[in-house]
Amino acid sequence: MPVYIDPSDAKALIVQALENVGVTSSNAHSVANALIQAEIDGQPGHGLARLAAYIDQVTCGKVIGDAVPKVETPKPSVCRINAELGFAFPAMDKLVSLLPAMAKAQGIALATVYRSHHFGQAGYHAERIAKQGCIALIFSNSPSAIAPWGGNTAIFGTNPIAFSCPREGHPPLVIDMSMSKVARGKVLLARKKGEPIPEGWAIDSQGNPTTDADAAIQGSMLPIGDAKGAALTLMVEILSATLTGALYGYEASNFFDTEGGPPAIGHSVIAIDPCVSGTFLAPQFAERLEALFSEMCAQEGVRLPGERRLRQRERVLEQGLTLTDAAFKELNDLARPDKSQ
């Protein structure tokens, strides 16, 4: 039977679970906000399914629970954030609070994050920037999961990207995707449930198509768009790791286990002020944007990206989060005060 829980109650349990193992209150709230939003948005692979691994990694020192991100601003339109081998979310919260103002002052701004960890839904961060009136482009690398095109050994991560832009009178448009045909979290969720994955998602370590989630984890995810997707994956790796000074996907440890040191991956974020008039950015951005969307949606069957996510949010507001019995039990078990003993 499904269990319905108010998101604020679920968040409190996450915070408690993290504080049990020494995560500071501010960091625990930052992580909890991101995990709960993923659940609200119908992205469970970035939600509560991550909590047990996060706790194990804090316990073994793979994630520093009391890390405080450090910010440098080497140029007026550039900031560089050291996540200090802690959770990515506090660093991203700092970035989201700083970058829009920098973009509005300069027209465009760049932020890089290094020595970081899994940052959840890329669209979560992009949307928050768009709500402050800026276009956002977000790139991240991740531990190796995708082989170069023609190979069978994973080098690149699934390397998520996101785009968001503000709209007048509507929630921001958000486009969020990974460079694999599906997010690797879906394969990990299938493995946890003991379920097969559809053919075409991954290959095994010998380069053969597989529907076995374990074999897929040992092998390689397949990129979107085949060779073109593999090239895009390389682009994201350069923007998020080479540019930031972070570890490459093949150098980074796994997000889900306690083996090795911190993943120390990187993220890059570009914010653009669309309200700047002149030769480079068109005036009447909002009006032109809605004209484009109207033309698209005039065709039967066309919807804007993210509409399903917005409907999911409405359902959660009406009935609360829907968890399985097992997920609800795990959350409560992790939040027990004696969990860390």
Side-chain angles (χ1 to χ4, degrees), residues 26-27 29-30 33-34 37 67-84 86-117 119-141 159-176 235-236 238-246 265-293 305-306:
S26 61
N27 287 351
H29 279 84
S30 179
N33 286 337
Q37 192 61 54
V68 178
K70 292 182 180 177
V71 180
E72 300 174 83
T73 53
K75 295 186 177 182
S77 61
V78 177
C79 68
R80 189 166 188 252
I81 302 177
N82 182 349
E84 294 287 355
F87 288 110
F89 304 111
M92 293 302 294
D93 288 348
K94 180 68 71 174
L95 183 156
V96 167
S97 73
L98 294 173
L99 200 62
M102 295 172 68
K104 288 175 182 178
Q106 304 294 326
I108 186 169
L110 167 70
T112 62
V113 181
Y114 64 108
R115 300 182 81 207
S116 191
H117 196 268
F119 78 167
Q121 296 184 93
Y124 168 64
H125 312 296
E127 183 176 11
R128 291 188 292 161
I129 291 172
K131 285 181 176 178
Q132 298 178 66
C134 289
I135 296 170
L137 285 160
I138 296 190
F139 310 92
S140 179
N141 75 327
N159 291 10
I161 64 173
F163 168 88
S164 186
C165 67
R167 299 178 65 189
E168 285 190 357
H170 301 276
L173 173 76
V174 179
I175 299 172
D176 185 344
M235 178 193 77
V236 176
I238 293 168
L239 286 170
S240 55
T242 313
L243 181 64
T244 68
I265 53 108
H267 330 296
S268 286
V269 181
I270 298 168
I272 303 168
D273 179 7
C275 298
V276 177
S277 297
T279 57
F280 296 104
L281 295 176
Q284 293 84 48
F285 174 84
E287 293 86 347
R288 293 286 292 157
L289 184 68
E290 296 307 318
L292 172 62
F293 294 162

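Side chains of Pro90 and Ser26 form no contact here, defined as non-hydrogen atoms less than 4.5 Å apart. Side-chain atoms of Ser140 and Ile265, non-hydrogen and from C-beta on, do get closer than 4.5 Å to each other. Counting heavy atoms from C-beta outward, Phe89 and Asn27 have side chains that stay 4.5 Å or more apart. By the 4.5 Å heavy-atom criterion applied to side chains, Gln132 and Val96 are counted as neighbours. The closest side-chain heavy-atom distance from Val269 to Met92 is below 4.5 Å.
Across all non-hydrogen atoms, the minimal contact from Pro160 to Val236 is O-CG1, 4.2 Å. Closest approach of Cys134 to Ala103, counting heavy atoms only: SG-CB, 4.0 Å. In plain terms, the two heavy atoms of Glu127 and Ser164 that are nearest each other are CA-OG, 3.7 Å. Nearest heavy-atom pair, Asn141 versus Gly266, reported as atom, atom and distance to 0.1 Å: OD1-N, 2.9 Å. Minimum heavy-atom separation, Cys79 to Pro74: CA-CD, 4.4 Å. Contact detail for Pro166 and Leu289: the closest heavy-atom pair is O-CD2, 3.4 Å.
Residues satisfying the side-chain contact (heavy atoms from CB on, under 4.5 Å) test with Pro76, not counting sequence neighbours, are Gln106. Taking Thr242 as the reference, Tyr248 meet the side chain to side chain donor-acceptor pair (under 3.5 Å) condition, with sequence neighbours excluded. In this structure Ala83 satisfies the side-chain contact (heavy atoms from CB on, under 4.5 Å) test together with Ala91, Val113, Ser116, sequence neighbours excluded. For Thr112, there are no side chain to side chain donor-acceptor pair (under 3.5 Å) partners, not counting sequence neighbours. Taking Pro305 as the reference, Leu173, Ile175 meet the side-chain contact (heavy atoms from CB on, under 4.5 Å) condition, with sequence neighbours excluded. Partners of Ile270 according to the side-chain contact (heavy atoms from CB on, under 4.5 Å) rule, which considers only residues two or more places apart in sequence or in another chain, are Ile108, Leu110, Leu137, Phe139, Ile272. Checked against ring-ring contact (aromatic ring centres under 6.0 Å, His included), His125 has the following partners two or more places apart in sequence or in another chain: Phe119. The side chain to side chain donor-acceptor pair (under 3.5 Å) test applied to Asn82 returns Glu84, not counting sequence neighbours. Residues meeting the side chain to side chain donor-acceptor pair (under 3.5 Å) test with Ser240, sequence neighbours left out: none.
With Arg80 contributing its side chain and Lys70 its backbone, the two residues share no donor-acceptor pair below 3.5 Å.
We find the NE2-CG distance between His267 and Leu95 to be 9.0 Å, quoted to the nearest 0.5 Å. Rounded to the nearest 0.5 Å, atoms OH (Tyr114) and CD1 (Ile81) are 10.0 Å apart. The structure places CD1 of Ile129 at 10.5 Å from CG of Leu98, a figure rounded to the nearest 0.5 Å. Distance check: Ile238 CD1 to Ser268 OG gives 11.5 Å after rounding to the nearest 0.5 Å. Taking CG of Asp93 as the reference point, atom CZ of Arg128 lies at 4.5 Å (rounded to 0.5 Å).
Applying the salt bridge (charged side-chain N to carboxylate O under 4.0 Å, His left out) test to every pair with at least one member in residues 165-176, sequence neighbours left out, gives these pairs: Arg167-Glu290.
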